[in-house]
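These notes concern the structure reproduced below.
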Amino acid sequence: MNSNPLFITGGAGFIGSALIRQLIAESDWHIVNIDKLTYAGNLESLAMLSNNPRYVFSQTDICDRTALDRLFAQHKPAGVIHLAAESHVDRSIHGPADFIETNIVGTYTLLEAARAYSSSLPKAQADEFRFHHVSTDEVYGSLGANGLFKETTAYSPNSPYSASKAASDHLVRAWQHTFGLQVLVTNCSNNYGPYQFPEKLIPVVILNALQDKPLPIYGKGDNVRDWLYVDDHARALRMVFEHGTAGETYNIGGHNEKTNLEVVDGLCTLLDELRPRSDGKSYLAQKIFVADRPGHDRRYAIDATKIGRNLGWKPQENFVSGLRKTVAWYLDNDDWIQHVISGEYRNWMKQNYSNRESS
Ligand code: NAD
Ligand code: DAU
């Protein structure tokens, strides 16, 4: 067991919280969760850990170098898994500034704090310190009908979000090449599962369906995404952090290519079975086609051969099992949903959290 903790940035978000829940349940790691708590940060997703002695939360902006230096000096982490980001493509189109600030300037600031900390360590310890940057398949751009994104695919980001993530990937790589920081980069496809904020396709559709609202499908609904259950992503992140080769990139994907229409239809069918509408009609009746996303990438699909071959990772869920679990979770967790809808989740920490660091 490593007595030094792991820093997880963005741990109050969808994937970060899944990773922390999994690491606390299945490993010996002590975790320091560093999160600014933007609209996307929800500590209620970590409610079960609020008194756990292996878990600490610090409300900190990754752009705040002074606060980061203090955290590194205080906790002496064994490594960082960096998930904090602005993550929603539509928001990046309406307002790119926060994406530039957090995803690029924030990653740069965190890299500099990590570099300063690791260079203060004895050489053997510095060589062990790892900075794992969690990124997206969107940096590779858009595929046509055929082909898969490989680790060697040239970057071609199309949205302000993906351009900001591409920039951060390049910074991370440069910090290894120039300064010798031990880095790992993972590029993953679309995640889905419990605790996802209702701005992304799957939770939007589930929540709108249950509230008798339209289910908005951009364009013709024929864009393709490669869906991965969030716990499978979390498992891959742990494997890469613990066993990956520093300096390498690993693509992570679910081999679950679906058109958006297939996803929405699948969700409606599950909801028809698990929570039928009171009027006896199908939720399919709530589908509407709306204006397309500007610059909408046509298709993403990941070649995950490398992480499978080198680290033995493969997803445990397929889309049928994962989607059923996801719908069931949303149906069983009305409190979490109602607090998100009402905005109450933003006050949740003040009322309920005990293991919060004063900053
Ligand atoms: P999310 O939007 O659910 O969570 C992001 C978290 O980062 C939030 O808790 C937020 O409060 C925090 N945050 C934002 N700005 C911050 C700042 N300046 N300082 C500290 N914390 C800040 O995102 P997610 O879907 O969980 O994605 C996590 C990471 O994984 C992101 O880097 C994203 O690019 C990447 N990713 C996401 C997906 C996906 O399908 N969701 C797929 C591949 C990669
Ligand atoms: O590929 C990985 C990326 O997946 C991550 O890096 C991003 O953080 C994550 O948000 C996700 O990006 P997408 O843009 O693919 O996800 P989103 O859920 O927003 O949209 C999925 C598809 O569904 C996309 O083709 C747009 C479409 N869509 C989305 C919404 C919100 C709709 O048709 N209607 C909707 O209401």
Side-chain angles (χ1 to χ4, degrees), residues 8-19 33-43 45-46 58-64 67-68 81-93 98-99 101-103 105-107 109-110 133-140 142 149 157-159 161-162 164-165 168-169 186-193 195-205 208 214-228 230 233-234 237 251-254 258-261 263-264 287-293 296-302 346:
I8 309 278
T9 72
F14 166 51
I15 302 170
S17 68
L19 177 63
N33 175 10
I34 298 171
D35 198 297
K36 179 182 176 181
L37 295 184
T38 67
Y39 78 94
N42 186 348
L43 288 179
S45 306
L46 294 162
S58 172
Q59 184 169 6
T60 298
D61 186 336
I62 56 162
C63 298
D64 182 345
L68 290 176
I81 306 184
H82 172 38
L83 297 101
E86 289 293 334
S87 70
H88 188 36
V89 174
D90 293 330
R91 281 183 190 257
S92 82
I93 295 166
D98 286 347
F99 290 72
E101 187 63 16
T102 286
N103 299 1
V105 179
T107 300
T109 308
L110 185 63
H133 177 58
V134 178
S135 192
T136 169
D137 59 358
E138 299 198 11
V139 298
Y140 299 123
S142 182
F149 295 133
N158 289 318
S159 71
Y161 163 69
S162 53
S164 70
K165 291 296 291 187
S168 63
D169 292 11
T186 47
N187 296 88
C188 188
S189 62
N190 286 61
N191 283 219
Y192 69 102
Y195 301 100
Q196 188 169 28
F197 193 81
E199 61 182 354
K200 312 281 167 67
L201 178 66
I202 287 180
V204 162
V205 168
N208 281 16
L215 313 180
I217 298 163
Y218 298 168
K220 295 187 185 135
D222 54 359
N223 300 65
V224 173
R225 297 292 182 265
D226 177 1
W227 294 94
L228 180 68
V230 67
H233 187 191
L237 293 178
N251 280 356
I252 307 170
K258 301 285 170 208
T259 65
N260 293 337
L261 258 183
V263 172
V264 176
K287 290 195 306 190
I288 58 160
F289 291 89
V290 299
D292 209 353
R293 174 186 279 173
H296 197 171
D297 283 338
R298 161 87 12 216
R299 174 175 166 257
Y300 305 143
I302 280 281
R346 306 204 69 168

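Computed from heavy atoms alone, side chains included, the values below leave out hydrogens, waters and symmetry copies. In listed order, ligands and their atoms are each counted from 1.
- Protein heavy atom in closest approach to atom 18 (O) of ligand 2: Leu201 N, 2.8 Å.
- For Tyr161, there are no ring-ring contact (aromatic ring centres under 6.0 Å, His included) partners at least two apart in sequence or on another chain.
- To the nearest 0.5 angstrom, Arg346 atom CZ is 7.0 Å from Thr38 atom OG1.
- Residue His296 places a heavy atom under 4.0 Å from ligand 2.
- Residues satisfying the salt bridge (Lys or Arg N to Asp or Glu O under 4.0 Å) test with Asp297, not counting sequence neighbours, are none.
- Here the side chains of Thr259 and Asn223 are not in contact, with every heavy-atom distance at 4.5 Å or above.
- Considering backbone and side-chain N/O atoms, Asp61 comes within less than 3.5 Å of an N/O atom of ligand 1.
- No N or O atom of Trp227 sits closer than 3.5 Å to an N or O atom of ligand 2.
- Ring planes of Tyr300 and Phe149: tilted class, angle from 30 to 60°.
- Of all the heavy atoms of Ser162, none lies under 4.0 Å from any atom of ligand 2, so neither backbone nor side chain is involved.
- Scanning the protein for heavy atoms near atom 12 (O) of ligand 2, the closest one is Glu138 OE2, 2.8 Å.
- At a heavy-atom distance under 4.0 Å, only backbone atoms of Thr60 (N, CA, C or O) approach ligand 1.
- Remark: among candidates Leu83, Asn187, Ile202, the nearest residue to atom 29 (C) of ligand 1 is Leu83, based on non-hydrogen atoms.
- In this structure, the protein non-hydrogen atom closest to atom 5 (C) of ligand 2 is Tyr161 OH, 3.6 Å.
- The N/O atoms of Ser135, backbone and side chain alike, include none that comes under 3.5 Å of an N/O atom in ligand 1.
- Closest heavy-atom approach to atom 29 (C) of ligand 2 among the candidates Phe197, Tyr300, Tyr192, Tyr218: Tyr218.
- Numbered from 1 in the order shown, with element, the atoms of ligand 1 that lie under 4.0 Å from a heavy atom of Phe14 read 3 (O), 25 (O), 26 (O).
- Any N or O atom pair closer than 3.5 Å counts here, and Lys36 shares at least one such pair with ligand 1.
- Applying the 4.0 Å criterion to heavy atoms of Val134 picks out, from ligand 1, the atoms 30 (O), 32 (O).
- For atom 27 (C) of ligand 2, the closest non-hydrogen atom of the protein is Asn260 ND2, 3.4 Å.
- Residues Tyr39 and Phe197 place their aromatic rings such that the two centres sit under 6.0 Å apart.
- Considering backbone and side-chain N/O of Glu86, none are found under 3.5 Å from N/O of ligand 1.
- At a threshold of 4.5 Å between non-hydrogen side-chain atoms, the residues Arg91 and Phe99 count as touching.
- Scanning the protein for heavy atoms near atom 11 (C) of ligand 2, the closest one is Asn190 ND2, 3.4 Å.
- Rounded to the nearest 0.5 angstrom, Cys188 SG and Asp137 CG are separated by 7.0 Å.
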Test side-chain hydrogen bond (donor to acceptor under 3.5 Å, both in side chains) applied to His82 and Thr107, step by step: CA-CA 8 Å; His82 172 38; Thr107 300; 3.0 Å; yes

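- Going from atom CD1 of Ile252 over to atom CG of Asn187 covers 8.0 Å, rounded to the nearest 0.5 Å.
- Listed by atom number, the atoms of ligand 1 under 4.0 Å from Ala12 heavy atoms are 9 (O).
- Of the candidates Cys188, Gly106, Ala85, Ser17, Ala85 brings a heavy atom nearest to atom 5 (C) of ligand 1.
- Ranking the protein heavy atoms by distance from atom 9 (C) of ligand 2 puts Ser87 O, 3.9 Å first.
- Under the 4.5 Å side-chain criterion, counting only non-hydrogen atoms from C-beta, Ile15 is not in contact with Val134.
- Considering backbone and side-chain N/O of Ile34, none are found under 3.5 Å from N/O of ligand 1.
- Below 4.0 Å from some heavy atom of Asn190 lie the following atoms of ligand 1, by number and element: 40 (O).
- Atoms NZ and CG, on Lys220 and Asn260 in that order, are 13.5 Å from each other to the nearest 0.5 Å.
- In this structure, NZ in Lys258 is found 9.5 Å from OH in Tyr192, a value given to the nearest 0.5 Å.
- Atoms of ligand 2 found under 4.0 Å from any heavy atom of Pro216 (numbered from 1 in listed order, with element): 32 (C), 33 (O), 34 (N), 35 (C), 36 (O).
- Looking at Thr186, Asn191, Asn190 one by one, the single match for side-chain hydrogen bond (donor to acceptor under 3.5 Å, both in side chains) with His233 turns out to be Asn191.
- Here CD of Glu101 is found 11.5 Å from OG of Ser164. Values are rounded to the nearest 0.5 Å.
- No part of His88 comes within 4.0 Å of ligand 1, judged by heavy-atom distances.
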side-chain contact (heavy atoms from CB on, under 4.5 Å) evaluation trace for Ser92 with Glu86: CA-CA 8 Å; Ser92 82; Glu86 289 293 334; over 6 Å; no

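- Ranking the protein heavy atoms by distance from atom 14 (O) of ligand 2 puts Arg293 NH1, 2.6 Å first.
- When non-hydrogen atoms are compared, ligand 1 lies under 4.0 Å from the backbone of Leu37 (N, CA, C, O) but not from its side chain.
- Atom 31 (C) of ligand 2 has Glu199 O, 3.3 Å as its closest protein atom, hydrogens excluded (heavy atom only).
- At under 3.5 Å, not a single nitrogen or oxygen of Glu199, backbone or side chain, sits near a nitrogen or oxygen of ligand 1.
- Of the N or O atoms in Asn223, none lie within a sub-3.5 Å distance of an N or O in ligand 2.
- Of all atoms in ligand 1, listed by their number and element, those nearer than 4.0 Å to a heavy atom of Tyr161 are 33 (C), 34 (O).
- Residue contact check: Lys165 has heavy atoms under 4.0 Å from atoms 31 (C), 32 (O), 33 (C), 34 (O) of ligand 1.
- For ligand 1, the polar-atom distance check finds no N/O of Tyr39 at less than 3.5 Å from any of the ligand's N/O atoms.
- Of the candidates Ala84, Ser87, Ser189, Gly16, the one placing a heavy atom closest to atom 22 (C) of ligand 1 is Ala84.
- Close approach to Gly41 involves these atoms of ligand 1, each under 4.0 Å from a residue heavy atom: 8 (C), 9 (O), 11 (O).
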